Amino acid sequence: MRSSWRGRNSVAIFVDQNTKVIVQGLTGGQGRFHGLRNRDYGTKVVAGVTPGKAGQDVEGITIYDTVESAVAATGANASFVAVPPKAAPAAILEAARAGVGFVVCITEGVPAQDEARVFATLQRDFPKTRLLGPNCPGIISPGKCNIGITAGEIAASPTSAGPNVGIVSRSGTLTYQALYELKQRGIGVSTCVGIGGDPVPGTSFVDCLAEFQSDPETHAIIMIGEIGGTAEEEAADFITNHVTKPMSAYIAGVTAPAGKKMGHAGAIVSGGKGTAQGKMDALRAAGVKVGLNPTEACELMAKIVSKIS
Amino acid sequence: MDLFEYQGKQYFARFGIAVSPGGVAESVDEAIKQAEAAKYPVVIKAQVQVGGRGKAGGIKLANNADEVRLHAKNILGMDIKGHVVKRVWVEHASDIAEEYYASFTLDRSAKRHLLMLSAQGGVEIEQVAKVDPTAIVKLHINPIEGLSIETAKRSVVEAKISARAQDGVAAMLVKLYECFTKGDCDLAEINPLILKPNGEVHALDAKVTLDDNAAFRHPEWDEYRATEVLDAREKLAREKGLQYIGLDGSVGIIANGAGLAMSTLDVVNQVGGKAANFLDIGGGANAEVMTAALDVINSDTKVKSIFINIFGGITRGDEVAKGIVEAMKRVELRAPIVIRLDGTNASEGRAILGAAGIDESKLISRPTMLEAARSAVELAGKK
């Protein structure tokens with residue numbers, strides 16, 4: 001399925017120029033705003049879904065009642081879920097049931113119990129569906145596909161000559177920061193994945209690192225983590241055993257006090273676990289260059305890249 | 001949101017988990033009333049969200065009204081590790097034969113619910129984990145399968161809970177699991193879970209953390225909100241709908257996005273300063289939000305400089321700039337602003353700030369996060 005990165009149709013991870021996207025909640029404020037921006041970027045936004053609004057259209061994009069009917073009519077293979085927290089779990093599962101292989105959910109504020117149930121349901125009943133999020137900025141493969149809330153203009157397209165960098169991040173704004181800094185340094189990005197800051201993300205660091213490792217278009221990887229949980233430590237383990245591409249990283253929250261949620265539902269240091277220091281140590285031990293702020297992580301990446309080229 | 005013990009017990013009771021008869025009191029007279037209702041002897045327990053209450057003298061036994069008066073008077077207003085006791089929980093004292101431990105949390109790495117059960121309760125579970133990790137039974141539960149009484153029973157046997165307590169503890173686990181899931185808890189913990197000489201089991205303590213994201217389906221949580229321990233700045237921020245956490249430094253922080261806000265704290269720290277707060281204004285901030293944010297920062301008398309760190313994604317630099325100009329007209333700021341504006345429409349934003357003619361002693365712009373942090377820390381140190 002993957003072609004050589006020197007080939008004309010270069011690939012990216014999870015999405016590419018052929019990805020056909022429906023927007024669940026296209027008639028809502030968030031869905032409309034970001035869905036249309038995604039289309040303006042060049043993403044193939046082929047349909048919208050809002051129950052009870054079949055036949056309407058949003059700037060030329062047809063609305064369907066169900067994901068099933070939208071998929072049947074358009075052949076969509078990805079969904080962008082932009083609905084309120086109450087409706088998000090059902091919307092994600094509806095997309096999975098309709099056979100959609102890649103679901104991006106930007107919704108912030110989904111209860112952790114719901115996330116855990118959705119994840120377990122996907123795993124048991126719809127193993128072919130990958131969920132990104134909830135509470136994530138989405139995914140962008142510069143020049144090919146942008147699903148979510150990232151401003152496309154801050155991302156530099158990958159070059160056929162390379163080297164290109166893959167980005168995976170738990171934070172939205174820090175993802176943009178990384179995209180922007182790489183662009184300023186003239187470094188192309190293969191794919192940038194925001195996995196989100198919630199306790200049960202559908203896609204993990206490890207999932208993304210595995211994809212980047214086998215993606216011929218990605219030559220180096222930046223990872224941006226934050227306090228809370230053990231996802232970064234698990235990533236460090238995976239890097240030690242499976243990732244040969246050079247990496248830099250940044251972990252937000254060195255100064256975060258214990259027991260306080262720093263904005264994200266998943267960002268909390270509790271019982272001495274999930275500290276930034278522990279995560280940085282684990283990543284360093286795995287051979288990752290760790291910056292003490294986002295700029296430093298990108299400077300480290302610039303050095304890595306200069307050695308590749 | 002963390003609940004106080006008494007709230008946790010009330011929450012447990014909703015799910016049929018047995019707790020001692022008792023009530024909460026904010027005064028000595030109330031405590032005596034609650035004690036009479038619960039029947040002597042009673043235990044008077046300080047309601048603070050911090051460990052080590054017993055050692056600090058915050059838990060006392062009382063056999064009559066005089067003893068309640070004495071202890072309640074001492075405990076109310078007591079300072080336990082910086083937490084002032086506003087309420088006591090007065091409950092009927094229980095005879096204890098054995099003490100166990102039980103809790104449910106989400107294991108984020110396994111993406112499953114996690115039961116932890118131990119026959120060694122009444123002490124810190126971290127301590128048990130250190131001294132004798134085999135004494136803790138851990139069971140992962142698939143959230144879509146739930147916990148059956150049979151599975152609970154197996155864990156109880158495995159944890160070597162006394163034979164006569166096994167049925168009671170297993171039934172309690174199923175109820176606690178229901179409280180954890182249907183009650184939308186991040187943590188539901190009973191320590192100790194006691195066996196009484198008469199064979200009954202019940203929850204002698206309650207530690208409950210609720211998932212704030214689930215508040216929309218729990219109107220009953222409103223009363224817990226009312227007693228949440230917030231400082232004046234945090235209260236004001238909540239009224240204005242901002243994500244704010246008070247800290248004790250002198251550099252006020254405003255950033256868009258939780259990650260960037262955390263990172264801003266880190267960078268300030270890195271260049272030798274200390275942040276006064278965490279404040280995330282979120283995406284798409286307008287003049288209204290910026291004014292509210294500056295209001296909250298301005299209410300903090302320790303703030304000597306304000307670092308506004310914005311990376312425009314959906315948030316547009318020109319909107320942020322308009323917001324700051326507007327806010328500065330409405331609010332008289334006690335400290336100078338250092339702003340770093342990058343990303344979408346950043347140059348338009350900087351142009352708006354420049355054209356507003358704001359004096360350099362009140363607002364300066366820096367091109368990078370690091371330079372802005374240095375300036376903010378320097379300004380904070382000057383006064």
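Values in this document were obtained by computation on a predicted structure and should not be read as measured data. Just so it is clear: chains get the letters A, B, ... in the order the sequence lines come, proteins before strands, and each one is counted from 1. The figures here come from the full heavy-atom set of this structure, side chains too, leaving out hydrogens, waters and symmetry mates.
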Chain A contact via [X] - which portion, at a heavy-atom distance below 4.5 Å:
{"X": "Asp186(B)", "answer": "side chain"}
{"X": "Ile310(B)", "answer": "neither"}
{"X": "Leu370(B)", "answer": "side chain"}
{"X": "Asp280(B)", "answer": "neither"}
{"X": "Gln243(B)", "answer": "side chain"}

Checking Asp2(B) now: which residues fulfil side-chain hydrogen bond (donor to acceptor under 3.5 Å, both in side chains) with it, not counting sequence neighbours?
Thr209(B)
Residues two or more places apart in sequence or in another chain: which of them pass side-chain hydrogen bond (donor to acceptor under 3.5 Å, both in side chains) with Gln123(A)?
Arg112(B)
State whether the side chain of Asn38(A) and the backbone N or O of Asn146(A) hold a donor-acceptor pair below 3.5 Å, judged by distance alone.
yes
Are any side-chain N or O atoms of Arg350(B) and backbone N or O atoms of Leu341(B), one a donor and one an acceptor, separated by less than 3.5 Å?
yes
One option among Asp184(B), Thr181(B), Asp266(B) has the most heavy-atom pairs under 4.5 Å with chain A, and it is Asp266(B)
Start with the C-alpha distance between Arg170(A) and Glu232(A), add both sets of side-chain angles, then the distance that settles salt bridge (Lys or Arg N to Asp or Glu O under 4.0 Å), and finish with yes or no.
CA-CA 10 Å; Arg170(A) 259 170 83 182; Glu232(A) 290 78 3; 2.7 Å; yes
Would the number of heavy atoms belonging to other residues, nucleotides or ligands and lying under 6.0 Å from [atom1] of [X] be above 12?
{"X": "Glu228(B)", "atom1": "CD", "answer": "yes"}
{"X": "Lys302(B)", "atom1": "NZ", "answer": "yes"}
{"X": "Glu108(A)", "atom1": "CD", "answer": "no"}

On a heavy-atom basis, which atom in [X] and which in [Y] lie closest, and how many Å separate them?
{"X": "Ser375(B)", "Y": "Arg366(B)", "answer": "OG-NE, 2.7 Å"}
{"X": "Phe180(B)", "Y": "Ala188(B)", "answer": "CB-CB, 4.2 Å"}
{"X": "Asp212(B)", "Y": "Met1(B)", "answer": "OD1-N, 3.2 Å"}
{"X": "Met369(B)", "Y": "Val267(B)", "answer": "CE-CG2, 3.7 Å"}
{"X": "Phe80(A)", "Y": "Gly148(A)", "answer": "CZ-CA, 3.7 Å"}
{"X": "Arg108(B)", "Y": "Pro199(A)", "answer": "CG-O, 3.6 Å"}

Strictly less than 4.5 Å between heavy atoms, which residues of residues 177-187 of chain A line up against chain B? Please order them by number.
Gln177(A), Tyr180(A)
Per-residue contact mode, [X] against chain B (heavy atom under 4.5 angstrom):
{"X": "Ala231(A)", "answer": "neither"}
{"X": "Glu233(A)", "answer": "neither"}
{"X": "Thr150(A)", "answer": "neither"}
{"X": "Val110(A)", "answer": "backbone"}
{"X": "Pro257(A)", "answer": "side chain"}
{"X": "Leu292(A)", "answer": "both"}

What option among Ala256(A), Ala252(A), Gly253(A) has the most heavy-atom pairs under 4.5 Å with chain B?
Gly253(A)
Option that, when pairs with chain B are counted at under 4.5 Å, heavy atom only, ranks first among Thr255(A), Thr175(A), Thr121(A), Asp114(A):
Thr255(A)
Contact listing (chain A partner; residues 257-265 of chain B; heavy atom under 4.5 Å)
Gly257(B), Ala258(B), Gly259(B), Leu260(B), Met262(B), Ser263(B), Leu265(B)
How long is the gap from OG1 on Thr173(A) to CZ on Phe311(B), to the nearest 0.5 Å?
9.0 Å
Going by heavy atoms in the side chains, are Cys179(B) and Phe104(B) under 4.5 Å from each other?
no
